[in-house]
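Positions are given from 1, in the same order as the sequence printed here.
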Amino acid sequence: MGEPVNVGLVGCGTIAGQYLETIGRLPGLRLAAAADLDPARARETARSHPGARAMSVDELVADPEVHVVLNLTIPAAHAEVAHKAVAAGKDVYCEKPLTVTTAEARELLAAADAAGVRVGCAPDTVLGTGTQTARKAIDDGLIGRPVAATAIMVTPGHERWHHHPDFYYAPGGGPLMDMGPYYITSLVTLLGPVTTVIGAAGRPRAERTIGTGPRRGETVPVNVDTHVTGVLVHDSGALSTLVMSFDVVSTRCPELEVHGDRGSLVLPDPNYFDGDVLIQDLGDEDDRWRTLPVSAGYEPAGRGDGLADFVLTPPGIEPRTSGRLAYHVLDVMESLLASAGSGRALSVAGRCERPRPVTWDAGR
């Protein structure tokens with residue numbers, strides 16, 4: 001594999017720990033620099049990784065020793081940091097979502113194309129054995145022609161456990177923008193890009209009460225829809241039903257199901273990399289679900305495997321965690337909310353290719 005790719009980390013918060021664990025595990029990556037709004041946090045991160053240096057964001061993107069910028073800032077800062085990396089001639093990989101709006105995402109991708117650099121984006125959970133084993137089952141024809149899917153994420157709300165849940169209920173938040181990227185990226189990976197959406201949404205409560213921490217009992221205004229449902233029409237003709245909610249106590253429905261004309265699949269939670277994939281065949285006299293053997297995906301896998309896949313993808317080949325895929329997913333979510341507001345079906349303008357599958361790659 002040659003020399004490892006030097007990673008410059010911007011944003012040393014909680015999620016950074018998971019990425020750094022993966023970077024330390026994979027021989028193709030090495031942490032070279034760290035930056036954060038809190039310089040002390042950047043210094044601590046650098047101290048924990050021999051050879052890494054703490055610096056400002058501007059210093060990091062300009063450093064010739066940094067080959068790719070890993071952007072783990074808050075969503076509102078994704079576009080600004082990514083543009084700095086692109087202007088410095090660096091590839092950049094962002095946490096989800098790519099940017100807060102599709103307008104920002106279009107500008108970023110256009111700037112990257114003009115600079116001759118690449119943009120990648122999470123989520124990378126779709127590269128694990130859960131989604132990829134299901135993808136292989138679909139591609140191998142085990143369920144026949146895919147006709148439908150369901151994707152369901154429900155919770156009573158994050159204010160029950162989060163000390164500062166305000167941003168979940170502010171513009172850019174809500175269940176769709178918060179968790180939708182995991183589910184929609186999986187659906188695109190399994191069934192291909194989305195052409196049209198039909199949505200409906202609501203917000204039953206005007207405020208939420210914080211249930212824990214120093215602000216317990218304080219109320220937070222709700223300025224976004226907290227229950228979003230819709231139908232995604234895939235280019236393949238398959239129809240996916242999506243439910244994302246901060247208003248539902250619980251459900252017994254699987255997080256993801258895919259149905260074909262000869263069988264059905266139950267997938268694990270797309271917020272994770274692995275888990276059992278179940279299949280039931282048409283004509284099975286016992287009407288029983290059986291577990292498919294793991295047959296595709298990265299194992300072990302963690303946050304950051306998408307970064308590795310991105311930087312090691314040869315020039316001229318679209319990375320599996322590309323910015324164009326992330327832009328398409330963001331456009332699907334924006335279009336779904338716009339459809340809910342207008343009461344009309346809307347076309348999804350941002351297109352992408354169905355990502356390449358991950359062949360079985362255990363024990364890397």
Could you check if a side-chain atom of [X] sits within less than 4.5 angstrom of a side-chain atom of [Y], using non-hydrogen atoms only?
X	Y	answer
Asp124	Leu307	no
Thr22	Asp305	yes
Glu318	Leu325	no

Practice problem: Evaluate salt bridge (charged side-chain N to carboxylate O under 4.0 Å, His left out) for Arg43 paired with Asp38, printing each intermediate quantity in order. | Solution: CA-CA 9 Å; Arg43 289 192 296 270; Asp38 181 355; over 6 Å; no
Self-check item: Rounded distance [0.5 Å steps], CG in Leu142 versus OG in Ser264
Solution: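 One finds 12.5 Å between CG of Leu142 and OG of Ser264.
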Self-check item: Spacing of Leu190 atom CG and Ile138 atom CD1 [to the nearest 0.5 Å]
Solution: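 Answer for the CG-CD1 pair, Leu190 versus Ile138, is 4.5 Å.
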With distance as the sole test, does [X] use its side chain to make a donor-acceptor pair with the main-chain N or O of [Y] at under 3.5 Å?
X	Y	value
Asp331	Ala349	yes
His259	Ala149	no
Glu257	Leu267	no
Asp140	Ala137	no
Thr229	Leu242	yes
Thr101	Glu104	yes
Asn71	Tyr93	no
Asp36	Cys12	yes
Thr195	Val233	yes
Thr321	Gly306	yes

Quiz item: Can Arg145 and Asp261 be said to form a salt bridge (charged side-chain N to carboxylate O under 4.0 Å, His left out), step by step?
Solution: CA-CA 6 Å; Arg145 176 177 174 268; Asp261 56 13; 5.6 Å; no
Exercise. Sort out for me which residue in Asn223, Asp225, Asp247, Thr226 forms a side chain to side chain donor-acceptor pair (under 3.5 Å) with Arg203.
Key: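 That would be Asp225.
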Quiz item: With a cut-off of under 6.0 Å to the ring centre and 45° to the axis, is Arg118 in cation-pi contact with Phe310?
Solution: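 The answer is yes; both the distance and angle limits are met.
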Quiz item: Do Thr99 and His78 have side-chain atoms, one donor and one acceptor, less than 3.5 Å apart?
Solution: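 Thr99 vs His78: no donor-acceptor pair found between side chains.
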Quiz item: Is Glu44 salt-bridged to Arg47, going by a charged N under 4.0 Å from an acidic O?
Solution: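 Salt bridge: yes.
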Quiz item: Charged N to carboxylate O below 4.0 Å: is that the case for Asp281 and Arg262?
Solution: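 A salt bridge is absent here (no side-chain N lies under 4.0 Å from a carboxylate O).
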Exercise. Answer yes if Val277 and Trp360 sit in the same cluster of Ile, Leu, Val, Met, Phe, Trp and Tyr residues linked by side chain heavy atoms under 4.5 Å apart, and no otherwise.
Key: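 No.
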Exercise. Report whether Ile198 and Leu239 are members of the same hydrophobic cluster (ILVMFWY, side-chain heavy atoms less than 4.5 Å apart, transitive linking).
Key: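 As far as the 4.5 Å side-chain criterion goes, Leu239 and Ile198 are not connected within one cluster.
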Self-check item: Identified side chain to side chain contact (heavy atoms under 4.5 Å, CB included) counterpart of Ile23 within the set Leu9, Leu29, Val5
Solution: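 Checked Leu9, Leu29, Val5 against Ile23; only one passes side chain to side chain contact (heavy atoms under 4.5 Å, CB included): Leu29.
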Practice problem: Give the minimum heavy-atom separation between Leu187 and Ala151, together with the two atoms involved. | Solution: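 Closest approach of Leu187 to Ala151: CD1-CB, 4.0 Å.
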Practice problem: Please report the C-alpha distance between Asp63 and Lys90 in whole Å, then the side-chain angles of each, then the deciding distance to 0.1 Å, and finally whether the salt bridge (charged side-chain N to carboxylate O under 4.0 Å, His left out) criterion is met. | Solution: CA-CA 10 Å; Asp63 193 322; Lys90 298 287 197 334; over 6 Å; no
Quiz prompt | Phe246 and His158 aromatic ring geometry - parallel, tilted or perpendicular at 30°/60° bounds | solution =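 Answer is tilted, since the angle falls between 30° and 60°.
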